[in-house]
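One structure is given below, encoded as structure tokens.
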Amino acid sequence: MGSEIDDGFIEHRTHARVGFLGNPSDVYSGRTISFSLGNFWASVRLEPSKDLVIEPHPHHDLVSFSSIAHLVNRLESEGYYGGVRLLMAICKVFYKYCVDNGIVLKDGNFTLSYDTNIPRQTGLSGSSAIVCAALNCLLDFYNIRHLVKVEIRPELILSAEKELGIVAGLQDRVAQVYGGLVYMDFSKEHMDKMGHGMYTPMDISLLPPLHLIYAENPSDSGKVHSTVRKRWLDGDEFIISSMDEVAKIALDGRSALLEKKYSDLAQLMNRNFDLRRQMFGDEVLGSLNLKMIEVARSVGAASKFTGSGGAIIAFCPEGPAQVKQLEDACQKAGFIIQPAIVVPSVLTEEDLKTLS
């Protein structure tokens with residue numbers, strides 16, 4: 001952890017995450033199952049310093065360019081946003097939370113810097129990984145890990161992102177705070193009563209071998225704005241019943257995992273995607289994302305988005321021969337495929353004591 005060494009540095013790493021079943025119902029009082037993905041991560045480093053400094057990343061926060069063409073190309077491919085604003089936002093949210101809850105912070109400043117290898121626009125929660133790692137550094141620097149409940153931390157991360165206009169749900173942040181495989185219930189009843197959902201860690205060994213598929217240059221990851229949220233709020237029966245079914249997929253998926261009924265799991269993955277497609281439509285999903293799903297299904301693999309698009313998670317219920325077919329199909333289509341590495345829970349003894 002590094003929290004004991006006041007004169008030394010503190011560093012935390014947060015992994016990418018995969019929304020495995022039930023997404024996007026987390027934003028609609030639903031249920032999801034997500035896991036922490038060891039293939040990619042973000043790390044944040046905190047070093048005590050005279051002034052409070054947020055260091056820009058040499059690659060992700062460029063402010064110096066070789067030409068105006070370089071600047072414009074960079075903005076068109078990467079956008080205006082690096083990680084500095086994420087670090088600033090979590091510092092603000094963290095400080096306000098402590099003030100509001102009577103948590104006294106010691107004196108002293110620090111320098112925050114970050115690094116990440118989570119591919120951009122792949123729906124693997126790159127932004128929240130940076131924020132989560134930074135929050136862990138702040139908890140240790142101020143030595144207040146025992147005062148901020150684990151269940152509350154995803155809300156703090158989400159609040160920091162909301163400060164920046166990032167629209168997202170809680171599941172990604174829960175998966176990253178907890179690590180491992182987590183079943184989540186976001187029913188209105190839990191949220192209203194406790195201010196957070198019911199989060200149940202599961203044994204990662206229950207998961208079958210899974211594969212991550214993504215595009216190197218995810219330019220067409222669906223640019224059309226979705227109307228699903230508005231339709232849900234307006235009481236659209238089709239959206240409400242479909243979203244309820246998506247939430248039930250996580251519940252059924254939990255049983256399938258516990259009983260290791262992997263053929264059921266494959267059907268649930270496919271159904272999850274089909275429902276998303278019916279609700280959101282092909283224009284919102286984007287042709288590149290649909291192509292990844294089609295490539296996986298062409299060899300009989302089950303597949304669905306890891307998030308809102310950019311990457312998919314695939315499962316080959318027939319085993320190694322089918323995996324080989326999937327690898328060949330991905331290579332032919334120009335997609336990157338790799339075995340999904342599942343990271344076990346990251347909660348410490350101290351964290352576990354704060355759980356309700």
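Numbers here are sequence positions counted from 1. Being a predicted model, the structure only gives us computed values, none of them experimental.
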Practice item. Begin from the C-alpha positions of Arg31 and Asp26 and carry the test salt bridge (charged side-chain N to carboxylate O under 4.0 Å, His left out) through to its verdict. Key: CA-CA 6 Å; Arg31 306 179 197 89; Asp26 57 313; over 6 Å; no
Practice item. Given salt bridge (charged side-chain N to carboxylate O under 4.0 Å, His left out), test Arg173 with Glu155 step by step and report yes or no. Key: CA-CA 8 Å; Arg173 288 99 204 131; Glu155 293 277 358; over 6 Å; no
Exercise for review: List the steps, then state whether salt bridge (charged side-chain N to carboxylate O under 4.0 Å, His left out) holds for Arg145 with Glu350.
Suggested key: CA-CA 7 Å; Arg145 191 167 278 279; Glu350 203 170 1; 5.1 Å; no
Review point. Would Trp232 and Lys230 count as a side chain to side chain contact (heavy atoms under 4.5 Å, CB included) if you check the C-alpha gap in whole Å, the side-chain angles of each, and the deciding distance to 0.1 Å?
Key: CA-CA 5 Å; Trp232 186 77; Lys230 184 178 184 311; over 6 Å; no
Exercise for review: Could you give me the CA-CA distance, side-chain angles and deciding distance for Ile204 and Phe35, then say whether side chain to side chain contact (heavy atoms under 4.5 Å, CB included) is met?
Suggested key: CA-CA 8 Å; Ile204 61 171; Phe35 64 82; 6.0 Å; no
Practice item. Report the C-alpha distance between Thr306 and Thr122 in whole Å, list the side-chain angles of each, state the deciding distance to 0.1 Å, and finish with yes or no for side chain to side chain contact (heavy atoms under 4.5 Å, CB included). Key: CA-CA 8 Å; Thr306 60; Thr122 46; over 6 Å; no
**Study point:** ring-ring contact (aromatic ring centres under 6.0 Å, His included) evaluation trace for Phe315 with Phe20
**Key:** CA-CA 11 Å; Phe315 168 44; Phe20 185 52; 8.3 Å; no
Exercise for review: Give the intermediate values and the outcome of side chain to side chain contact (heavy atoms under 4.5 Å, CB included) for residues Phe305 and Phe273.
Suggested key: CA-CA 7 Å; Phe305 288 180; Phe273 175 78; 3.5 Å; yes
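The closest side-chain donor-acceptor pair between Asn136 and Arg13, if any, does not fall under 3.5 angstrom. Looking only at atom types and distance, the side chain of Ser128 has a donor-acceptor partner in the side chain of Gln176 under 3.5 Å away. Of the N and O atoms on the side chains of His15 and Asn39, not one donor lies less than 3.5 Å from an acceptor on the other residue. With 3.5 Å as the limit, one finds a donor-acceptor pair spanning the side chains of Ser34 and Gln171. Side-chain contact of Ser241 with Asp244: a donor-acceptor pair under 3.5 Å is absent, judged by distance alone. The closest side-chain donor-acceptor pair between Asp61 and Tyr114 falls under 3.5 angstrom.
Side-chain atoms of Lys106 come within 3.5 Å of backbone N or O of Phe141 as a donor-acceptor pair. Formation of a donor-acceptor pair under 3.5 Å by the Asn23 side chain with backbone atoms of Thr32 is not found in this model. Judged purely by atom type and a 3.5 angstrom limit, Ser345 uses its side chain to pair as donor or acceptor with the backbone of Tyr178. Side-chain atoms of Gln322 come within 3.5 Å of backbone N or O of Gly300 as a donor-acceptor pair. In terms of modelled atom types and a separation under 3.5 Å, the side chain of Asn270 and the main chain of Ala302 share no donor-acceptor contact. A donor-acceptor pair is defined here as one N or O able to donate and one able to accept, closer than 3.5 Å; such a pair exists between the side chain of Tyr199 and the backbone of Gly197. The backbone N or O of Ile239 sits less than 3.5 Å from a side-chain atom of Asp236, completing a donor-acceptor pair. Asn289 contributes no side-chain N or O that, together with a main-chain N or O of Gly309, makes up a donor-acceptor pair within less than 3.5 Å. Of the possible polar contacts, none joining the His190 side chain to the Phe186 backbone as a donor-acceptor pair under 3.5 Å is found. Judged by distance alone, the side chain of Ser29 and the main-chain N or O of Ser187 form no donor-acceptor pair under 3.5 Å.
Between Asp51 atom CG and Asn109 atom CG the span is 6.5 Å, to the nearest 0.5 Å. The line from CZ of Arg120 to NE2 of His60 is 8.5 Å long, rounded to the nearest 0.5 Å. Atoms CD1 and CG, from Ile312 and Leu210 in turn, are 11.5 Å apart once rounded to the nearest 0.5 Å. With rounding to the nearest 0.5 angstrom, the CZ atom of Arg276 is 9.5 Å from the CD1 atom of Ile293. Atom CG of Asp140 and atom CD of Glu11 lie 12.0 Å apart (nearest 0.5 Å). Annotation: the span from Arg271 atom CZ to Leu21 atom CG amounts to 13.5 Å, rounded to 0.5 Å.
Taking a 6.0 Å sphere around CD of Glu259, one finds it holds more than 12 heavy atoms contributed by other residues, nucleotides or ligands. Other residues, nucleotides and ligands contribute over 12 non-hydrogen atoms within 6.0 Å of the CD atom of Gln338. Other residues, nucleotides and ligands contribute only 12 or fewer heavy atoms inside 6.0 Å of the CD1 atom of Ile68. At most 12 non-hydrogen atoms from other residues, nucleotides or ligands lie less than 6.0 angstrom from OH of Tyr95. Annotation for Lys261: atom NZ does not count as buried by contact number, only 12 or fewer foreign heavy atoms lying within 6.0 Å. Around CE of Met191, the count of heavy atoms belonging to other residues, nucleotides or ligands within 6.0 Å exceeds 12.
Legend: salt bridge (charged side-chain N to carboxylate O under 4.0 Å, His left out) pairs involving residues 296-325, not counting sequence neighbours, sorted by first then second residue: Asp274-Arg297, Lys324-Asp328.
Residues Met269 and Ile313 have side chains in contact (heavy-atom distance under 4.5 Å, counting atoms from C-beta outward). Ile336 is not listed as a side-chain neighbour of Ile213, based on a closest heavy-atom distance of 4.5 Å or more. The side-chain heavy atoms of Ser303 and Met292, taken from C-beta on, include no pair separated by under 4.5 Å. Taking 4.5 Å as the limit, every side-chain heavy atom of Glu163 sits out of range of all side-chain heavy atoms of Arg85. The shortest side-chain heavy-atom distance between Thr116 and Trp41 does not fall under the 4.5 Å cut-off. Using a 4.5 Å heavy-atom cutoff, the side chains of Asp172 and Leu124 are not in contact. Ile33 is listed as a side-chain neighbour of Leu181, based on a closest heavy-atom distance under 4.5 Å. Side-chain contact between Pro24 and Met243: present, with at least one pair of heavy atoms (C-beta onward) separated by less than 4.5 Å.
Both cation-pi conditions hold for Arg229 and Tyr28: the charged atom is under 6.0 angstrom from the six-membered ring centre and inside a 45 degree cone around its axis.
Ion pairing between a basic and an acidic side chain is recognised when a charged N comes within 4.0 Å of a carboxylate O; Arg45 and Asp115 show no such pairing.
Think of Val63 as one node in a network of Ile, Leu, Val, Met, Phe, Trp and Tyr side chains linked at under 4.5 Å; it has no links at all.
Between Phe9 and Phe110, the ring center distance fails the sub-6.0 Å criterion.
Checking each of Ile54, Ile166, Ile157 against Leu86 for a side chain to side chain contact (heavy atoms under 4.5 Å, CB included) leaves exactly one that passes, namely Ile166.
Cluster annotation: Val246 and Leu233 are assigned to the same hydrophobic cluster (Ile/Leu/Val/Met/Phe/Trp/Tyr, side-chain heavy-atom contacts under 4.5 Å, transitive).
By the salt bridge (charged side-chain N to carboxylate O under 4.0 Å, His left out) test, Arg277 pairs with Asp282, sequence neighbours left out.
Considering all non-hydrogen atoms of both residues, Leu326 and Ala296 come closest at CD1-CA, 3.6 Å.
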